[in-house]
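Right, one structure below, let's go through it.
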Amino acid sequence: MMFNRKLYKQTAKKQLAGRRNVPVLATLITTFILLFLGTSSEIHTSQIINSNSAYAQTASWIYETEDDFADDYAFSVSTISDSGVSLLFSILTISITGILILAQCHLYNEYFKTLEKISFAEYLRGFTHWFKGALAGLWFTLWVVLWSFLFFIPGIVKAFSYSQMFFVLAENPKIGVAKAMQISKTLTKGFKADLFVMYISFFGWHFLSTFTFGILQLWIQPYEYMSFTNAYKSLKMHALRTGILTESDFI
């Protein structure tokens with residue numbers, strides 16, 4: 001099979017022509033939620049730093065009054081508590097991101113099926129399997145992080161290896177998250193470099209977007225999602241045609 005990224009991107013433009021309103025709205029919603037989560041994370045981190053700074057000053061005063069044990073214990077409890085809250089916030093952020101990605105993949109899967117107008121309600125239906133989206137986000141992140149511990153490059157390779165799992169789940173919501181990841185690994189075998197090249201082919205657009213204060217992303221994100229949806233469909237067709245996977249694997 002020839003991985004034809006130019007065809008996928010050209011087809012995406014045609015598929016979005018005259019019906020970009022819902023993808024643009026979906027991109028706006030996703031962007032605002034992620035920006036809110038990012039801002040909240042920064043505020044929380046700042047609060048932790050300030051809290052620990054104040055606690056350190058208090059601990060110093062306690063130490064001077066020779067209450068060493070109380071000092072060490074109080075500071076340790078504060079640090080552990082803050083770390084726990086940060087971990088929970090990270091898990092929440094990753095889960096919400098997974099839900100948003102699955103909803104987007106559902107929307108563009110519907111755009112692939114027809115050239116008719118797609119309603120905003122179709123995008124909202126993408127949130128029906130929100131729990132699976134959250135699990136997928138956590139499962140994807142867990143394995144990419146674990147591979148990244150070995151070295152940065154293996155983490156990137158595995159990220160592309162697992163990249164199709166959200167498309168698999170959007171198209172086949174009854175499939176388990178772990179199985180979706182296995183299918184993604186099979187689909188991307190021999191094509192991870194092609195997916196990487198396709199990914200960086202959008203860098204020029206993202207760079208231009210900085211000169212529009214991000215407004216251009218409302219055009220770029222749907223274009224990128226639709227292009228990768230086309231790539232997924234092509235990879236799936238190749239796997240089915242060659243017998244690497246069967247229709248029963250997607251049940």
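Residues passing the side-chain hydrogen bond (donor to acceptor under 3.5 Å, both in side chains) test with Q217 are H206, S209, Q221, sequence neighbours excluded. When the side chain to side chain contact (heavy atoms under 4.5 Å, CB included) test is applied to N172, the partners found at least two apart in sequence or on another chain are V168, I175, Y232, F250. Qualifying side-chain hydrogen bond (donor to acceptor under 3.5 Å, both in side chains) partners for S201, counting only residues two or more places apart in sequence or in other chains: K9. Residues passing the side-chain hydrogen bond (donor to acceptor under 3.5 Å, both in side chains) test with K13, sequence neighbours excluded: none. Among residues two or more places apart in sequence or in another chain, the salt bridge (Lys or Arg N to Asp or Glu O under 4.0 Å) test is passed with R125 by E122. For K236, the salt bridge (Lys or Arg N to Asp or Glu O under 4.0 Å) partners two or more places apart in sequence, or in a different chain, are E171. Under the side-chain hydrogen bond (donor to acceptor under 3.5 Å, both in side chains) criterion, D194 pairs with no residue at all, not counting sequence neighbours.
Taking 4.5 Å as the limit, every side-chain heavy atom of Q164 sits out of range of all side-chain heavy atoms of I183. By the 4.5 Å heavy-atom criterion applied to side chains, Y162 and W147 are counted as neighbours. L138 has its side chain within reach of S95: a pair of non-hydrogen atoms, C-beta onward, lies under 4.5 Å apart. The shortest side-chain heavy-atom distance between L169 and H129 does not fall under the 4.5 Å cut-off. Annotation: side chain of K117 is not in contact with side chain of V22 (no heavy-atom distance under 4.5 Å).
The shortest heavy-atom contact between S184 and S161 is OG-O, 2.7 Å. The nearest pair of heavy atoms linking A239 to L187 is CB-CD2, 3.7 Å. In plain terms, the two heavy atoms of S163 and T188 that are nearest each other are OG-CG2, 4.2 Å. When all heavy atoms of F166 and A136 are compared, the closest pair comes out as CE2-CB, 3.6 Å.
Judged purely by atom type and a 3.5 angstrom limit, T93 uses its side chain to pair as donor or acceptor with the backbone of F89. Side-chain N or O atoms of S148 include none that pairs as donor or acceptor with a backbone N or O of F152 at under 3.5 Å. Proximity of a side-chain donor or acceptor of T31 to a complementary backbone N or O of T27 within less than 3.5 Å is detected. In this structure, the side chain of T210 engages the main chain of F207 through a donor-acceptor pair within 3.5 Å.
At a threshold of 4.5 Å between side-chain heavy atoms, the hydrophobic network of Ile, Leu, Val, Met, Phe, Trp and Tyr places L7 and M2 in two separate groups. I200 and F202 fall within a single hydrophobic cluster, where Ile, Leu, Val, Met, Phe, Trp and Tyr are joined by side-chain heavy atoms under 4.5 Å apart, directly or via other members. The cluster map of Ile, Leu, Val, Met, Phe, Trp and Tyr, joined by side-chain heavy atoms under 4.5 Å apart, puts L218 and F36 in different clusters. Cluster annotation: V24 and I29 are assigned to distinct hydrophobic clusters (Ile/Leu/Val/Met/Phe/Trp/Tyr, side-chain heavy-atom contacts under 4.5 Å, transitive). Hydrophobic clustering places F160 together with M1 (ILVMFWY residues linked when any side-chain heavy atoms are closer than 4.5 Å, directly or through intermediates).
One finds the CD atom of Q182 at 10.5 Å from the CG atom of L245 (value rounded to the nearest 0.5 Å). Atom CG of N21 and atom CD1 of I118 lie 10.5 Å apart (nearest 0.5 Å). Note that the CD atom of Q15 and the OG atom of S227 stand 8.5 Å from one another [nearest 0.5 Å]. Once rounded to the nearest 0.5 Å, the distance linking CG of L235 with CG of N230 reads 11.0 Å. W143 CH2 to K158 NZ: the interatomic distance, rounded to the nearest 0.5 Å, is 9.5 Å. The CG atom of L107 lies 6.5 Å from the CD atom of Q104; values are rounded to the nearest 0.5 Å.
Screening residues 4-25 for ring-ring contact (aromatic ring centres under 6.0 Å, His included) gives F3-Y8 as the qualifying pairs, with residues at least two apart or on separate chains. The salt bridge (Lys or Arg N to Asp or Glu O under 4.0 Å) pairs that include a residue from residues 174-187 number zero, where partners must be two or more places apart or lie in different chains. The list of salt bridge (Lys or Arg N to Asp or Glu O under 4.0 Å) pairs with a residue in residues 238-251, not counting sequence neighbours, is empty. A ring-ring contact (aromatic ring centres under 6.0 Å, His included) check over residues 94-113, counting only residues at least two apart or in different chains, returns the pairs Y108-Y225.
Grouping Ile, Leu, Val, Met, Phe, Trp and Tyr residues whose side-chain heavy atoms lie under 4.5 Å apart, directly or via other members, leaves V197 alone, with no other cluster members.
Classification of the H238-F191 ring pair by plane angle, with boundaries at 30° and 60°, yields perpendicular. Relative orientation of the W219 and Y223 rings is tilted, given thresholds of 30° and 60° on the angle between their planes. The aromatic rings of F120 and Y123 lie tilted to each other, with the angle between the two planes from 30° to 60°.
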Practice task
List the steps and the verdict of side chain to side chain contact (heavy atoms under 4.5 Å, CB included) for F127 and L102.
Solution key: CA-CA 8 Å; F127 291 94; L102 186 60; over 6 Å; no
Problem - Step-by-step side-chain hydrogen bond (donor to acceptor under 3.5 Å, both in side chains) determination, K233 to N109 - result: CA-CA 9 Å; K233 295 291 186 176; N109 182 57; 2.6 Å; yes
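Summarising the local packing, CZ of F131 is surrounded by 12 or fewer heavy atoms from other residues, nucleotides or ligands at distances under 6.0 Å.
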